[in-house]
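A quick write-up on the structure given underneath.
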Protein chains: 2
Amino acid sequence: MTRVLVVDDDPTLVRALVVNLRARHFEVETASDGGTALRRAASHPPDLVILDLGLPDLDGLEVVAGLRGWTDVPIIVLSARDTQWAKVDALDAGADDYVTKPFGMDELLARMRASLRRAMPTPSAPVVTTDAFTVDLAARRVVRDGAPVRLTPTEWHLLEVLVRSPGKLVTHAELLRDVWGPAYVAQSNYLRVYLAQLRRKLELDPARPTHLITEPGLGYRFEP
Amino acid sequence: MTRVLVVDDDPTLVRALVVNLRARHFEVETASDGGTALRRAASHPPDLVILDLGLPDLDGLEVVAGLRGWTDVPIIVLSARDTQWAKVDALDAGADDYVTKPFGMDELLARMRASLRRAMPTPSAPVVTTDAFTVDLAARRVVRDGAPVRLTPTEWHLLEVLVRSPGKLVTHAELLRDVWGPAYVAQSNYLRVYLAQLRRKLELDPARPTHLITEPGLGYRFEP
DNA sequence: TCGGGTCTTGACGCGATCCTGACGCGCCGT
DNA sequence: ACGGCGCGTCAGGATCGCGTCAAGACCCGA
């Protein structure tokens with residue numbers, strides 16, 4: 001089932017969208033402000049985002065940027081502003097399409113289909129597999145030798161950040177910021193401890209890791 | 001260079017598009033009817049198609065279907081018809097976007113960028129390749145003979161500075177300042193040692209370097 | 001209130017990395 | 001021919017970062 005995240009602070013419009021999308025067999029989640037939208041998208045990655053630019057807390061473009069920081073999920077922007085520059089700004093910020101209000105529901109649905117069709121070949125890799133274990137980001141689940149692996153919340157969060165950038169080096173600061181919060185970028189003891197635990201649970205030979213690689217002095221890297 | 005195929009039977013509009021696109025460093029080809037467009041796209045596959053629906057010979061949607069039969073190239077449809085149903089038909093036929101005439105050139109360019117961004121498999125990763133090794137600056141990774149090369153932080157930093165200015169001479173002072181810090185501009189022993197290590201790890205014949213060239217008395221140069 | 005699980009924190013040993021000095025070689029000007 | 005200069009090479013010791021372990025603090029459900 002295709003999951004859609006609707007971000008809008010107008011309850012009437014949200015209700016109309018929810019009803020129409022549910023009727024088309026989409027799974028719909030909603031958020032009424034930017035902060036909630038970012039959190040909800042992170043905890044429960046959607047297949048498509050419909051984003052109203054007029055939000056109470058964040059600028060809509062900041063939400064686009066926040067999402068684009070870690071995901072390629074298609075984003076369709078809704079806005080009452082019909083100027084060329086508004087469209088250029090939103091599209092260049094990373095949005096896939098820009099629909100001006102008022103809009104026809106059938107047109108929006110067609111644009112959703114077009115965006116989803118285009119995004120399909122790159123299914124945002126919700127499942128990553130190595131020769132030792134399989135990580136299902138959507139289901140928040142790790143399987144090794146056919147059996148699920150028990151991970152603590154912190155362990156999972158750390159693994160998630162690494163797996164989201166396969167092959168790329170993730171610095172100490174990035175990991176600490178994403179998992180523990182911006183205040184912990186100095187501490188570096190956490191990483192050593194939790195990387196060791198992840199390796200103990202996931203690597204075939206924890207003493208000689210082949211997937212959770214340490215780059216001395218810089219950070220760590222997930223190798224698929 | 002990105003190749004764009006413009007399909008339209010209105011010479012004025014075509015000329016306007018060609019001028020604007022060429023100015024943005026696109027490579028532009030044109031076709032004034034559907035048959036020509038399909039033939040030209042087949043003989044010279046474009047990276048993006050801009051397609052006017054009002055063509056003399058074929059229905060525009062047949063052109064979309066013809067292209068979609070064998071390619072996933074992004075298609076942006078232009079049309080004077082602003083009804084919801086026209087848009088739904090075009091998008092469901094396989095078009096990526098639908099722009100109604102009259103349109104703003106900047107909006108069209110932004111929508112082109114969005115479509116190209118989405119269609120690109122690897123959105124321009126900053127990688128530098130030589131005949132011996134490949135440097136991926138984003139992932140902080142070096143590959144040689146298919147296997148990743150282990151570099152120490154200092155080695156990597158030094159290589160990074162050199163690779164960021166391909167073909168250009170980088171003086172001793174610049175290298176020392178960027179890698180070791182402004183206080184070390186006098187010392188020059190570090191460079192000799194670390195250049196040697198880089199060559200040992202990267203050059204096919206470390207005794208006769210072909211990519212990490214020394215410029216006696218001045219500095220070093222990375223040759224792609 | 002108790003108990004299990006999770007998170008933090010510190011200390012320790014070891015290996016990798018970095019720095020350093022010395023040596024040999026080739027180039028170039030004298 | 002000779003000496004100076006710059007570069008490449010090597011190996012040893014100091015230092016740093018990483019992996020490991022264990023004990024205490026904390027949270028949450030029973």
Side-chain angles (χ1 to χ4, degrees), chain A residues 140 142 148-162 169-181 183-223, chain B residues 140 142 148-162 169-173 175-181 183-222:
Chain A
R140 208 172 194 280
V142 182
V149 181
R150 282 190 52 80
L151 291 185
T152 72
T154 309
E155 288 166 4
W156 167 262
H157 204 168
L158 179 59
L159 178 65
E160 190 181 19
V161 174
L162 284 168
L169 178 133
V170 189
T171 66
H172 295 146
E174 287 176 300
L175 289 170
L176 288 164
R177 175 168 48 74
D178 289 354
V179 178
W180 279 270
Y184 292 73
V185 281
Q187 280 288 352
S188 86
N189 222 349
Y190 299 144
L191 292 178
R192 300 210 295 267
V193 174
Y194 277 91
L195 251 297
Q197 300 203 351
L198 278 180
R199 291 207 255 245
R200 227 193 321 278
K201 293 184 177 180
L202 300 180
E203 290 277 2
L204 295 176
D205 179 3
R208 310 175 50 131
T210 57
H211 300 104
L212 300 171
I213 314 284
T214 141
E215 295 283 343
L218 300 172
Y220 294 86
R221 176 199 311 279
F222 167 70
E223 200 69 41
Chain B
R140 263 200 139 117
V142 181
V149 181
R150 285 193 54 80
L151 292 185
T152 72
T154 310
E155 287 165 5
W156 167 264
H157 206 166
L158 178 59
L159 178 65
E160 191 182 19
V161 174
L162 285 169
L169 169 88
V170 188
T171 66
H172 294 148
L175 288 170
L176 287 164
R177 176 169 46 76
D178 289 353
V179 178
W180 280 270
Y184 292 75
V185 281
Q187 283 287 353
S188 85
N189 216 350
Y190 303 144
L191 291 178
R192 300 209 297 269
V193 174
Y194 279 93
L195 251 298
Q197 301 206 350
L198 277 181
R199 291 208 255 245
R200 223 193 324 276
K201 291 184 177 180
L202 300 180
E203 291 277 3
L204 294 176
D205 180 3
R208 314 208 163 175
T210 57
H211 300 106
L212 300 170
I213 315 284
T214 139
E215 298 281 344
L218 300 172
Y220 294 86
R221 172 200 313 280
F222 168 71

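Below, chain A is the first sequence line, B the second, and so on; all start at residue 1. Just so you know, these numbers use all the heavy atoms, side chains as well, and skip hydrogens, waters and symmetry mates.
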Any side-chain heavy-atom pair from A/Y190 and A/T154 closer than 4.5 angstrom? no
Please confirm whether the shortest side-chain N or O distance from B/H172 to OP1 or OP2 of D/dC7 is below 4.0 Å. yes
Just so I know, are the side chains of A/L158 and A/D178 near enough to count as touching, which here means a heavy-atom distance under 4.5 Å? no
Annotated protein contacts, base or backbone, on nucleotides 3-11 of chain C with a non-hydrogen cut-off under 4.0 Å, one of B, S, - each: ---SBBBB-
Atom pair distance, as rounded to whole Å: CG in B/L195 and P in D/dG6: 17 Å
Would you kindly give the CG-to-P distance between B/L191 and C/dC18, to the nearest whole Å? 14 Å
Min side-chain heavy-atom separation B/L159-B/L198 under 4.5 Å: yes
Less than 4.5 Å apart, side chain to side chain, heavy atoms only: is that true for A/H172 and A/Y220? yes
Of the residues in residues 210-221 of chain B, which ones touch DNA chain D at a heavy-atom distance under 4.0 Å? B/T214, B/P216, B/G217, B/Y220
Calculate the interatomic distance between B/L176 atom CG and C/dC19 atom P; express it in whole Å. 11 Å
Mind listing the closest non-hydrogen atom pair of A/P209 and A/P206 along with its distance? CD-O, 3.8 Å
Please give me the minimum heavy-atom distance between A/I213 and A/E223, naming the atom from each residue. CG1-CB, 4.2 Å
For residues 148-161 of chain B, the salt bridge (charged side-chain N to carboxylate O under 4.0 Å, His left out) pairs (sequence neighbours left out) are B/E155-B/K201, B/E160-B/R164
From CZ of A/R200 over to P of D/dC18, roughly how many Å is that when rounded to an integer? 17 Å
Counting the benzene-type ring for Trp, do B/Y194 and B/W156 have ring centres under 6.0 Å apart? no
